[in-house]
Amino acid sequence: MIEVKDLVRTFKSGDRTIKPVNGVSFELGQGTLASIVGKSGSGKSTLLSLLGALDKPTSGDVVVNGVSLAGMPDGKLTEYRRRDIGFVFQQFNLVPNLSALDNVMLPMEFAGVRKSVRAERARALLEQVQLDPDKHGRRINRLSGGEQQRVAIARALANEPKLILADEPTGNLDEQTGEHIIALLSSLSRDHNTTILVVTHDRTLANKTDRRFRLQQGKLTEEPVRGRAAEPAAV
Amino acid sequence: MSVLARSVGNAFRNKVRTAAVVAVLAVAIGLALAMLVANQAVGAKVQELNASVGTVLTVNPAGGQGFEGGGEPLTAEQAATAADVPNVTAVVGTKALRLRNAAEAAAQAAAGTQAGPGGGQGGPGGQTTTTLTTILTAAVDAGTLGARNQDSSGTTAATGSTGSTGTTATTQPARALPITATGTGAEVDSTGKALELTSGTGLGDYTAESTKALLGTTLAEKNNLKVGSTFTINSKTFTVAGLFDAGTAFGNNALYVTLPTAQTLAELPGELSTMIVTVDSMENVDAAKTALQNALGTDKADVTQGQRNLETAVTSLDSVKNISMVAFIAALGTAGLIILLIMVMLVRERRREIGVLKAIGAPNRTICLQFVLEALVLVALGSVVGAVLASFASGGIASALVSSSTGTTAAPAGQRGGGFAGAAGGLPGGQGGPFGGASQLLTSVTASVSPGILAAGIAAVFGVAIIGALVPALLTARIRPIEVLRGE
C-alpha cells in the first residue's frame, strides 16, 4: 500500500550537509501497525514528515496506493494529506479555542463534508476513542492529556485515511494513559484496516506493533518483534 | 463550525487584547469618519456658496454709484448682450420700485414734507427709483438711518440746501421705511439664489398682465395677508401668490412682481435697474467680469463683484476641505496599518496552529480567508465604536478646522448689511445681502453624520482593512506544515 523508494533528505547546517534520511526504502501493507524507533535526532520525525507530505525529499519517492508523491504540486499534496493521511502528534496540536467536536470536524470541513454529516461522524469517532460524551462540546484546554490525545486520534480518523502517521503519540502521557492509546491504535489498525506508522521511543509500544524499524544514521533497518497477535483486541 | 464562526471565535480568544485593538482601531476609524464628515460638510458648503453667491456679478448703470449718480438706465438689449458673454449662464434683469403707504404719503404731503422732483432717490448708487403708492404698510420702522436716508434722498435735509420744493426741518410724522418692490425676470434674490418660498407658489406667467406677487413674510404678517389675499399698487390689484423668507426683517419687508409688470407700473418699458449675472464657475468670474464690462461699455454699465470676501472664504474652506481629506486618508491608512501589524502579529503567534491546519489538509485559501474575516470582525467592532465617536466629535472637529483655517480671512460679521446702505430702491438682498456675511456663512458649516457618509466611510475602512489583512493572511501560504513537527 505504501512504498518508500530510496528516500533521501539532506539539510545544510553551515558548511556541513546532514542526511537524517539517507536512502530509506521499505513497504507497508494495508492494515499494518508499524513502528520506527531510534535515538533522538536520528531522523524519525523527518522520515514521518516525508511520508506525510509535510516535507519534500531531496531524492527518492513515496508511492501510496500506486500514486507517486514526487513532483506533486502543493495543492495536490494538501489534498493527499486531507484525504489519505491522518496525523497524531506528540503535542496533540489541537486548536485550543475549539471544542473536541469542532476539532474532529475540521478535516471534514476542509474535505467539504456537509455539516450535519460531519457532526454525526465526529460524535461517532469521539465515542469510538472512548471520550465521554459530556466532554464532546468541551474546549480542548479543559481536557486532560489523555483525552486530548484521544481527540487527536479521532481527528486523524475523520476522513477515513488509509495511513495514520503518529509521532510519539504516548510521549506526553503517563504510562496508564499511554497503554490505552497503544491499545486504541492497535484496535483501529485491526478494525479499520488502517495502516499505522508510529514513531516512538516507547519500547512497550514498539513491541506491540506488527513491524518494527530502527533508524540509525539515516538508514532504516527492520527488527524482529513479538507482534500484537497475542495482544487483546479491545482497548 | 464554519470559517466565519471560527474567525469570530478567534477574534475573541484574548479578550483583553481584543478590547485594546478595538479601542485603537475605534480611535483611528472614528477620526477617519469625523474627517470624512467634516470634508463632506465643508464641501457642501463650498458648493452652496459657489452655487449661490460665489459666481454672481451685479450690473448697475454706469455713474449710478453714490448719491450724486447719473448716467443711462440699463436696457433689455444690454441684458441680451450680457447673456452672450462667454461663461455667463444666466442674466436676470430687475426693476426696482419704491412703495410708500398711500395714507402716510398723503399725510406727509399735507405736512409739506413730500419729496420734490428729486424725491425717491436712493437705492444702490442713487439710481432713479420710481416711487409708487400702495395700501400696504411697511413692516419695519425707518429708524435713525432710514429717516436720515429719506431726508437726504427725497426731502429737504436739515441744511435745506438741495431740496427744490422741500421745507426746512419742522415737526414731522414718524416714518416707516418704504417697501421695496422688485420686478424680476426669475424668482431669485440679489445673489442669484432661488427665493425660499414658505407658502404658495411662484409668480408663474412673466407677462405685463400678471397680477401675482410674492411677499416677504414680515410684510405679509404686518398687513394680515396670506396666499390668495389681494392688495393694490397704484390702484392696480395684486394677488399674493406666495410668501418668501429672505432671512432678515428688512429683507422680508419687500415684495416681488414680474419684471414686465414692474416696468409697466413704472411706465418705463424695457428699462432695468440692475442685472444679476451668473457665471458658470468661480474660476471664470474674473474673466467674465472683464468681458462683461467690455461688452456693455464702461460708460454704460458698472459691473461689480460683491463676493470678494466670499471668494477668499471659499478658498479657505477649500483648504479646510483638502486638509480634512488628507486627514481622512491618513486616519484610514493608520487603521489599515494597525490591522496589518496586528494581523502580522497574530499570524506569527499562530504559526504552529496554521501548520497544523495545513497538516490536516486545510487549503491556503481557507486559512487566508479565516484571517481576513478575523481582521474584519475586529474592524467591524472598531467601526461601531468609531462611528459613535465620530457622531459626537465630527461637529467639533469640523468647527475647529473651519475656525482655525478661516479665522483670519473671513470678513467681520459687522459688514453684513453694510453693502447697500440706505438702498431703499435696491434689491431686498441689498439690505443685508450675503456679500458682507462671509464669516457668518463660514461658521454656519454644520457637520451631520448622514447614513450615506457613514456607510461610505465604513466601506472605505473595510476596503483598507481587507488590504491590510490580506498581506499577513497571504503570508500564511508561506508557512509550511513541516514547522509543526519541527517544533515537536
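Please read these numbers as outputs of a predicted model, since none were measured by experiment. Below, chain A is the first sequence line, B the second, and so on; all start at residue 1.
- Of the atoms belonging to A/R155, it is side-chain heavy atoms, and not backbone ones, that fall under 4.5 Å from chain B.
- Summarising the geometry of B/S2 relative to A/E109, their closest heavy-atom pair is C-OE2, 4.2 Å, with the distance given to 0.1 Å.
- A/K162 NZ: more than 12 foreign heavy atoms inside a 6.0 Å radius.
- Both the backbone and the side chain of B/N10 come within contact range of chain A, each with at least one heavy atom under 4.5 Å from a heavy atom of that chain.
- Interatomic distance, CG of A/L50 versus CD1 of B/I482, reported as 7.0 Å (0.5 Å rounding).
- To the nearest 0.5 Å, the span separating CD1 on B/I360 from CG on A/N103 amounts to 7.5 Å.
- Within 6.0 Å of atom CD in A/Q30, more than 12 heavy atoms from other residues, nucleotides or ligands are found, so the atom counts as buried in its surroundings.
- Residue-environment remark: CZ (B/R13) exceeds the threshold of 12 foreign heavy atoms within 6.0 Å.
- Put simply, OG1 on A/T78 and NZ on B/K358 are 7.5 Å apart, with the number rounded to the nearest 0.5 Å.
- The two residues B/P363 and A/R82 have their closest heavy-atom pair at CG-NH1, 3.6 Å.
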* Going through the distances and angles, do B/R480 and A/D55 end up as a side chain to side chain contact (heavy atoms under 4.5 Å, CB included)? -> CA-CA 8 Å; B/R480 296 166 61 203; A/D55 195 9; 3.0 Å; yes

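- Closest approach of B/A359 to A/F89, counting heavy atoms only: CB-CZ, 4.1 Å.
- A distance of 11.5 Å separates CG of B/N14 from CG of A/N97, quoted to the nearest 0.5 Å.
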* **B/R6 vs A/V95, side chain to side chain contact (heavy atoms under 4.5 Å, CB included): CA-CA, chis, key distance, verdict** => CA-CA 10 Å; B/R6 209 160 49 243; A/V95 181; 5.6 Å; no

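- The number of heavy atoms from other shown groups lying within 6.0 Å of CD (A/Q217) does not exceed 12.
- No more than 12 heavy atoms of other residues, nucleotides or ligands lie within 6.0 Å of CD in A/E120, so this atom counts as exposed by the packing criterion.
- In this structure the side chain of A/F87 never reaches within 4.5 angstrom of the side chain of B/V356, judged on heavy atoms.
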